[in-house]
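In what follows, a structure is listed as structure tokens, so that the remarks can point back to it.
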There are 2 protein chains.
Amino acid sequence: MLPSVAADEVLAQFEALGRLRIVASGGSIVAEESEDTLVYLASGAAKLVAFASQDREQVVAFHFAGDLISVPAPRAHAYALLALRASEAIVFPAGELLSVAHEHPAMMGRIVCSAYTSLRRSREKSIVIGRKTARERVACFLISMADRIGLPEGNRCVLHLPMSRRDIADSLGLTIETISRQLGDLRGDGLIETAGRSTIRLLDLAALAACAGHLIKQSSQI
Amino acid sequence: MLPSVAADEVLAQFEALGRLRIVASGGSIVAEESEDTLVYLASGAAKLVAFASQDREQVVAFHFAGDLISVPAPRAHAYALLALRASEAIVFPAGELLSVAHEHPAMMGRIVCSAYTSLRRSREKSIVIGRKTARERVACFLISMADRIGLPEGNRCVLHLPMSRRDIADSLGLTIETISRQLGDLRGDGLIETAGRSTIRLLDLAALAACAGHLIKQSSQI
DNA sequence: CGGCTCGTTGAGGTCGGTCAATTCCTGTGG
DNA sequence: CCACAGGAATTGACCGACCTCAACGAGCCG
């Protein structure tokens, strides 16, 4: 269940630190901890949310199976990690996990790597929320999801999104109505198709990247 | 110059990896690297900026002396680390520094710690940019700066900001005019005083925190 | 002291938010 | 398998916070 970077006895050492959480869709994996927490998401999908006030919540990050997630203890704002679908996770007190990981370079390497990945994504989110239009934000979101959970289909890509329009809105700093309108526009422009509530087919990744305002890469499509 | 967590010969090993950069105010510490970069900012102050397009830039983070800064290689967007005042920095290729740090737990610990601190700040920025009004954003910014570079003065706090109004605006996802107006309003409400371009005196940290929409903490003032 | 950038202030415009009504899924139970 | 209920998503009309554009004034450097 843990990443296979450690021998069995070491693995047991780590598992002794964590508590297993099996959570239904919509349930809370971590909330209101008094200490920073690290969560290994073994299966499922989750959103890390923060509360700007009682009725304004910001989705700070989406996470999927295999991700190592840092959930901060409340400081200026309170955080919670909520399951978007049925999920299995192992929850660790950050301090204890880090002090044990000190003895195990491979584990530490993985922790650092996941921290920098989260940092890079969080910064990208700042750019998107801070300086992009609604259409650009939605395009960025779609491309990011394609990169993480997209199923290739020829030169196209199919998304089965575990999150609702509200989650997307709360992630992009917009409203559900705006998300809906932008998806409608993208559909009207022939860039995407939608089927049901959670399936979106990306028809032209290059055009989508252009409309997201991404740097032009000659060969890759993320 | 490097954090004193390593013995002398180890320190030499690290310094061999990095290149020293002495940069004037406004100069570029790191830009357009093809590889992820880690920067130890020995003195001065800097902004990490990303370009949403040619004329839209987002300040992703502010950094001060002692900070260890991760500068991503360009992917969807390009990044640059720019000096806000005369600065001294050591620039490392991230991969090499990490592989050497694998052998030195104390160094690795410091790297992880700085990564999580940056991650936490970046997430707070997402909350602020995504779900707060102009006034709340400015209040959050002032409190954050008070925490990092504020000089206590009784129960007040004085800030000497190294960044311009434009930098603040580009950090908060606003315009310079809005920053100026909000600071004017805060001054009118008796929460701050301003002197010259870069000095701001915070007169009532609790009221400022309330107006930033932060969780109420009984004893601390961040 | 002069020049010039940076910051402030004002007037008007716009993108996305708000409120409200309608339609569409989806999962539940017959 | 189909009908139904209830929430989710879409669509439309209007509004407002912040942006844009423009002019003015203040602070900093030579």
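Chain identifiers are assigned alphabetically (A, B, ...) following the order of the sequence lines, protein sequences preceding nucleic acid strands; residue numbering begins at 1 within each chain.
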Roughly, in whole Å, what's the span from [atom1] in [X] to [atom2] in [N]?
| X | N | atom1 | atom2 | result |
| --- | --- | --- | --- | --- |
| A:Arg181 | D:dA9 | CZ | C1' | 12 Å |
| A:Leu183 | D:dT10 | CG | C1' | 11 Å |
| B:Glu136 | D:dC18 | CD | P | 9 Å |
| A:Ile200 | C:dC25 | CD1 | P | 14 Å |
| A:Glu177 | D:dA9 | CD | C1' | 10 Å |
| B:Leu172 | D:dC19 | CG | P | 10 Å |
| A:Asp170 | D:dA9 | CG | P | 12 Å |
| B:Ile176 | C:dT9 | CD1 | P | 13 Å |

Legend entry - Closest non-hydrogen atom pair between A:Leu172 and A:Ile129, with its separation: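 Heavy atoms only, the tightest pair is O-CG1, 4.1 Å.
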
Inset, instruction - Indicate the atoms forming the closest heavy-atom contact of A:Leu84 with A:Ser25, along with that distance. - result: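 Nearest pair, atom of A:Leu84 first, then A:Ser25: O-OG, 3.1 Å.
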
Legend entry - Comparing A:Lys132 and B:Arg166 on DNA chain C - which has the more 5′ nearest nucleotide: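 With A:Lys132 and B:Arg166 compared, the 5'-side residue is B:Arg166.
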
Legend entry - DNA chain C: 5'-proximal contact among B:Arg165 and A:Ile179 (nearest heavy atom):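 Closest to the 5' end, via its nearest nucleotide, is B:Arg165.
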
Legend entry - 5' priority, DNA chain D, between A:Arg131 and A:Ser180 [closest heavy atom]: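 Going by which nucleotide is closer to the 5' end, it is A:Ser180.
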
Legend entry - Residue whose closest nucleotide on DNA chain D lies nearer the 5' end, B:Gly173 versus B:Gly196: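 Going by which nucleotide is closer to the 5' end, it is B:Gly173.
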
Inset, instruction - Return no unless some side-chain N or O of A:Thr175 is found under 4.0 Å from OP1 or OP2 of C:dG16. - result: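 Checking C:dG16 against A:Thr175, no side-chain N or O comes under 4.0 Å of OP1 or OP2.
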
Inset, instruction - Identify whether any heavy atom of A:Arg197 sits under 4.0 Å from a base atom; if not, whether one sits that close to sugar-phosphate; answer base, sugar-phosphate or nothing. - result: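 Here A:Arg197 touches the bases of the nucleic acid.
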
Legend entry - Touch class at under 4.0 angstrom, heavy-atom based, for A:Leu174 against every strand present: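 Contact class for A:Leu174: sugar-phosphate only.
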
Inset, instruction - Check whether any side-chain N or O of A:Arg137 sits under 3.5 Å from a backbone N or O of A:Lys132 as a donor-acceptor pair, and report yes or no. - result: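 Pair found, side chain donor or acceptor close to backbone of A:Lys132.
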
Legend entry - Ion pair B:Arg166/B:Glu57, N-O distance below 4.0 Å: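 Here B:Arg166 does not pair with B:Glu57 in a salt bridge, since their nearest N and O are not under 4.0 Å apart.
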
Inset, instruction - Go through the steps for B:Glu33 and B:Arg19 under the test salt bridge (Lys or Arg N to Asp or Glu O under 4.0 Å), then give the verdict. - result: CA-CA 13 Å; B:Glu33 301 287 324; B:Arg19 60 193 162 87; 3.1 Å; yes

Legend entry - Selection from C:dG17, C:dG7, D:dT20 that lies nearest to any side-chain heavy atom of A:Thr178: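 Nearest listed nucleotide: C:dG17.
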
